[in-house]
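Structure first, then comments.
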Amino acid sequence: MTKKVLIVGEVRDGELRNVSLEAIAAGKTVADGGEVVGVLLGENVNPLVNSLLYYGADRVVAVNHADLKSYTTDAYQQALLQVIESENPDGLILGHTALGKDVSPRLAMKLNAGLISDAVAIGKDGEEIVFTRPIYSGKAFEKKKVKEGIVFATIRPNNIPSLEKDETRTGEITYLTVELKDLRTVIKDVVRKATGGVDLSEAKVIVAGGRGVKNKEGFKSLQDLADVLGGAIGASRGACDADYCDYSLQIGQTGKVVTPDLYFAIGISGAIQHLAGMSNSKVIVAINKDPEAPIFEVADYGIVGDLFEVVPILTEELKSA
Ligand code: FAD
């Protein structure tokens, strides 16, 4: 049965996040030939509406409001509820990002809907839509269907490929005015730490270091490798606890969950809590001097050796490739 599905386009620093484009592709499967409507919220989202159309949205609802400039739970929840009321969709999809994780359960509760969070694949079983999501820290996958009500889900970045960009695509744009009341939080200013540019959760290549990297200096050689590959730097908790790098880089059960195309685990033992955040990466390369390190059990390629010798050689080889 065809459906109308809303996807929430997430804007960061004036640009759409990749996961929003992936959400359009997810929305196409859920809509099953029906309509995928992109929703954009922000202070001035008008320059971005075409991007959603180019990547497959059939229509866009744009909501411009000064209080939507930065994400706050109150403002986004109120605005999205008004969009949902005006569109009356059968489905709603967001990225499984900080924004999606925060607002989606609140919306689901208000709509009396179920929520499938952190989906990594969406398929069909007859007429029904089936979501696949990791459980037990990525050791198993479960399949879930929505039996009644709105089909409501968040999708993990880097798992559902976006559609090809087609700049000839056009679609209707609706500008919706929303009323935001009694906001309890207002963001006055956002001060970001400099983290090298590539967003960890959406990076296609991650070079992660562990306690084996020994110190802050050691991370510099990992940065060189990441720069050659256009990747982001990540870390184990061991490295963060030892103050070799910032906690914002931590990957794992209590850090970020990532699914890059290529993950380098360098001087990381492969504790279960670390694997919880990266074991679903498409290709894993481990560099460790201990041949018995558990990381080799999940690695596609393993190099047994001293990282201080291996990483510079690898970086030079890749530079000249
Ligand atoms: P280690 O276990 O000390 O491993 C260092 C590795 O480096 C070793 O395998 C060693 O052989 C190798 N090495 C050393 N020198 C070299 C060299 N010169 N060349 C090559 N290899 C070398 N951990 C996380 O990562 N993320 C989490 O989110 C997380 N959450 C946790 C939550 C809880 C509740 C708990 C209890 C723990 C959590 N941990 C987490 C910690 C986790 O259990 C491990 O302690 C941590 O992952 C170990 O980090 P590491 O692999 O860098 O260090």
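Both backbone and side-chain heavy atoms feed into the values below; hydrogens, waters and symmetry mates do not. Residue indices begin at 1 and follow the sequence shown. In each ligand, atom 1 is the first atom listed, and ligand 1 is the first ligand listed.
- Applying the 4.0 Å criterion to heavy atoms of Gly212 picks out, from ligand 1, the atoms 5 (C), 7 (O), 13 (N), 14 (C), 15 (N), 16 (C).
- For ligand 1, the polar-atom distance check finds no N/O of Gly270 at less than 3.5 Å from any of the ligand's N/O atoms.
- Among all non-hydrogen protein atoms, the one lying nearest atom 21 (N) of ligand 1 is Lys289 N, 3.1 Å.
- Looking only at protein heavy atoms, the nearest one to atom 48 (C) of ligand 1 is Arg211 NH2, 3.9 Å.
- If you number the atoms of ligand 1 from 1 as listed, the ones under 4.0 Å from a heavy atom of Gly305 come out as 19 (N), 20 (C).
- In terms of heavy-atom proximity, Val178 sits nearest to His65 at O-CD2, 3.7 Å.
- Counting only residues at least two apart or in different chains, side-chain hydrogen bond (donor to acceptor under 3.5 Å, both in side chains) contacts with residues 98-112 comprise Tyr71-Asp102, Thr73-Asp102, Asp102-Arg106.
- In terms of polar-atom proximity, defined here as any N/O pair under 3.5 Å, Ala235 makes no such contact with ligand 1.
- In Ile251, the part holding a heavy atom less than 4.0 Å from any atom of ligand 1 is the backbone.
- Between the side chains of Asn280 and Thr259, not a single donor N or O lies within less than 3.5 Å of an accepting N or O.
- Of the N and O atoms on the side chains of Ser320 and Glu316, not one donor lies less than 3.5 Å from an acceptor on the other residue.
- In terms of protein heavy-atom proximity, atom 2 (O) of ligand 1 is closest to Ser269 OG, 2.7 Å.
- Note: Arg17 CZ to Leu21 CG = 11.5 Å, rounded to the nearest 0.5 Å.
- Near Phe308, meaning under 4.0 Å from one of its heavy atoms, ligand 1 places the atoms 18 (N).
- The single protein non-hydrogen atom nearest to atom 18 (N) of ligand 1 is Asp306 OD1, 3.1 Å, given as residue, atom name and distance.
- There is no path of hydrophobic side-chain contacts, each under 4.5 Å, that joins Val213 to Ile295.
- Under the 3.5 Å distance criterion, with hydrogens and angles disregarded, no donor-acceptor pair is assigned to the side chains of Gln78 and Asp74.
- Leu99 is listed as a side-chain neighbour of Val103, based on a closest heavy-atom distance under 4.5 Å.
- From the protein, the heavy atom lying nearest to atom 9 (O) of ligand 1 is Asn288 ND2, 2.9 Å.
- Atom numbering of ligand 1 starts at 1 in the shown order; those under 4.0 Å from a heavy atom of Gly255 are 28 (O).
- Checking Lys214, Gln273, Gln253 against atom 37 (C) of ligand 1, the nearest heavy atom belongs to Gln273.
- Those atoms of ligand 1 that come under 4.0 Å of a heavy atom in Asp290, given as number and element, are 11 (O).
- Considering all non-hydrogen atoms of both residues, Ala23 and Ile93 come closest at CB-CG2, 4.0 Å.
- Against a heavy-atom cut-off of under 4.0 Å, Gly210 is close to the following atoms of ligand 1: 52 (O).
- Annotation: side chain of Asp261 is not in contact with side chain of Asn158 (no heavy-atom distance under 4.5 Å).
- Residues Thr168 and Asp166 have side chains that bring a donor and an acceptor to within less than 3.5 angstrom of each other.
- The heavy atom nearest to atom 30 (N) of ligand 1, considering only Val213, Thr254, Ile287, is found in Thr254.
- Looking only at heavy atoms of the protein, atom 27 (C) of ligand 1 is closest to Gln250 NE2, 3.1 Å.
- Under 4.0 angstrom from ligand 1, the non-hydrogen atoms of Ala271 all belong to its side chain.
- The nearest protein atom to atom 5 (C) of ligand 1, hydrogens excluded, is given as Gly267 O, 3.4 Å; this is a heavy-atom distance.
- Closest to atom 50 (P) of ligand 1 among all protein heavy atoms lies Ser236 OG, 3.5 Å.
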Given side-chain contact (heavy atoms from CB on, under 4.5 Å), test Val5 with Glu35 step by step and report yes or no. CA-CA 6 Å; Val5 177; Glu35 190 180 35; over 6 Å; no
